[in-house]
Amino acid sequence: MNDFLELVVGALASGCIYGLAALSYLLITRPTGIINFAVGEWSMLGAFGGFLLLTQAGLPYPVGMALTLLAMFVVGWLTERLTVRPLVERGAPPLAPILALLGMLVVFREIVSLGIGPDPQPVPPAFGFGRLELGPVAGSYQSFFIIVVTLAVFAAVWYFFERTLAGKSFEAVAIDRRAASLMGINLRHVTAFAFAASGVVAGLAGLLVAPNVSAHYLMGLPLAIQGFTALVIGGVGRVEGALLGGIILAFVEQLTVRYAPIPPGLAMGVPLVLLILFLLLRPTGLLRAREARA
């Protein structure tokens, strides 16, 4: 029983990472309709930010974390400003920004590979490598830290969309960009902030998971696939759907690795199998967008 409960804690922590990656997708997709497949590379940049600031520079964790997220805010904003906005302003087809962001994926990966090297780099956890036991429930300090931080992020994002005027403007743009523009909402500002916020969330996911997997220039692709799958499972139109999809995906992965009579390497295909199944059987995800509800 204790072994199973520890598996649950590990699955929740992994699900929170997938949920953050899915939220990073959602923050851009909802108001713009653009799918940013560079989310995984943004997570990789966040992980290497932790390596440079926490491991190399030796900064206190709160300071290093804050500087990393600030840097990711700038990365997200610059990506929109230099890559996406020129295409949109010139009337490029909807597919053009997506292809441009796929190109940026390669750029980010090669910059890190050439600048830091291809070897995995260590990133320290927030509270060390200790173990926390709460009765029969046990797990690493980092697992509990991931869960707490992720819940705080999702609560803040939910509050932003549901209770603030700026969040309502995001929702208005998501429902009808033309109508939102006629109402005086600045679409440029919404798009720029969406990319910047997405960069922060993706960078946070990479920073949180790096102590468990190390910072590596190829770590972005699995996170991108897992995050996108979590988004499809939970539903593109709901903030809470991103977290729900991430947790479901993580539990399926963990149970498959632990109990299914297949090689562990094949279990890496679980996200792709779930992605295909949901796209075929329930493309709207488990939670429908609010405007689609009766």
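These numbers come from the heavy atoms of this one structure, side chains and all, not from hydrogens, waters or symmetry mates.
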- Task: Give, for atom CZ of Phe160 and atom CD of Glu171, the distance between the pair rounded to the nearest 0.5 Å.
- Result: 9.5 Å
- Query: How is the hydrophobic cluster of Val63 composed, in terms of its other members, when Ile, Leu, Val, Met, Phe, Trp and Tyr link through side-chain heavy atoms under 4.5 Å apart, directly or indirectly?
  - Reply: Leu53, Leu59, Leu67
- Phe154 side chain reached by Glu240 side chain, heavy atoms, under 4.5 Å: no
- Message: If I compare all heavy atoms of Trp42 with all of Val75, which pair ends up nearest, and what's the gap?
- Response: NE1-CG1, 3.8 Å
- Quick one: side-chain contact (heavy atoms from CB on, under 4.5 Å) partners of Ser140, sequence neighbours excluded? Gln142, Ser143
- Task: Would you indicate whether the side-chain heavy atoms of Phe161 and Leu27 approach each other to under 4.5 Å?
- Result: yes
- Could you tell me which non-hydrogen atom of Gly227 sits nearest to which non-hydrogen atom of Ala22, and how far apart they are? O-CB, 3.3 Å
Which donor-acceptor pairs under 3.5 Å do the side chains of residues 88-100 make with protein atoms, sequence neighbours left out?
residue	atom	partner	partner atom	Å
Glu89	OE2	Arg188	NE	3.3
Glu89	OE2	Arg188	NH2	2.8

- Query: Side chains of Arg131 and Glu6: closer than 4.5 Å at any heavy-atom pair?
  - Reply: yes
- Note on the structure: Note: Val149 and Leu208 closest approach over all heavy atoms is CG1-CD1, 4.1 Å
- Task: Would you please name every residue forming a ring-ring contact (aromatic ring centres under 6.0 Å, His included) with Tyr141, sequence neighbours left out?
- Result: none
- Partner set under ring-ring contact (aromatic ring centres under 6.0 Å, His included) for Phe37, not counting sequence neighbours: Phe228
- Item | Pairwise distance CD(Glu80) to CZ(Arg85) - rounded to 0.5 angstrom | 4.5 Å
- Taking only residues two or more places apart in sequence or in another chain, which ones pass ring-ring contact (aromatic ring centres under 6.0 Å, His included) with Phe144? none
- Item | Non-neighbouring partners of Arg109 that pass salt bridge (charged side-chain N to carboxylate O under 4.0 Å, His left out), sequence neighbours left out | Glu41
- What residues join Leu272 in its hydrophobic cluster, counting side-chain heavy atom gaps under 4.5 Å, either direct or through other members? Leu221, Ile225
- Query: Closest approach of Gln254 and Ala11, non-hydrogen atoms and distance?
  - Reply: CG-CB, 3.7 Å
- Task: Applying ring-ring contact (aromatic ring centres under 6.0 Å, His included), name anything that partners Phe127, two or more places apart in sequence or on another chain.
- Result: Phe145
- Results of salt bridge (charged side-chain N to carboxylate O under 4.0 Å, His left out) for Arg282 - residues two or more places apart only: none
- Message: Applying salt bridge (charged side-chain N to carboxylate O under 4.0 Å, His left out), can you list everything that pairs with Arg81, at least two apart in sequence or on another chain?
- Response: none
- Item | Interatomic spacing from OH in Tyr61 to CG in Leu54 - rounded to 0.5 Å | 6.5 Å
- Message: Less than 3.5 Å apart, any donor N or O on the side chain of Ser198 or Ser24 sitting next to an acceptor on the other?
- Response: yes
- Modelled atom types, side-chain donor and acceptor of Glu253 and Tyr18, under 3.5 Å: yes
- Item | side-chain contact (heavy atoms from CB on, under 4.5 Å) involving Val200 - partner list, sequence neighbours excluded | Leu69, Phe73
- Query: Should Pro283 and Phe278 count as side-chain neighbours, where that means a heavy-atom distance under 4.5 Å?
  - Reply: no
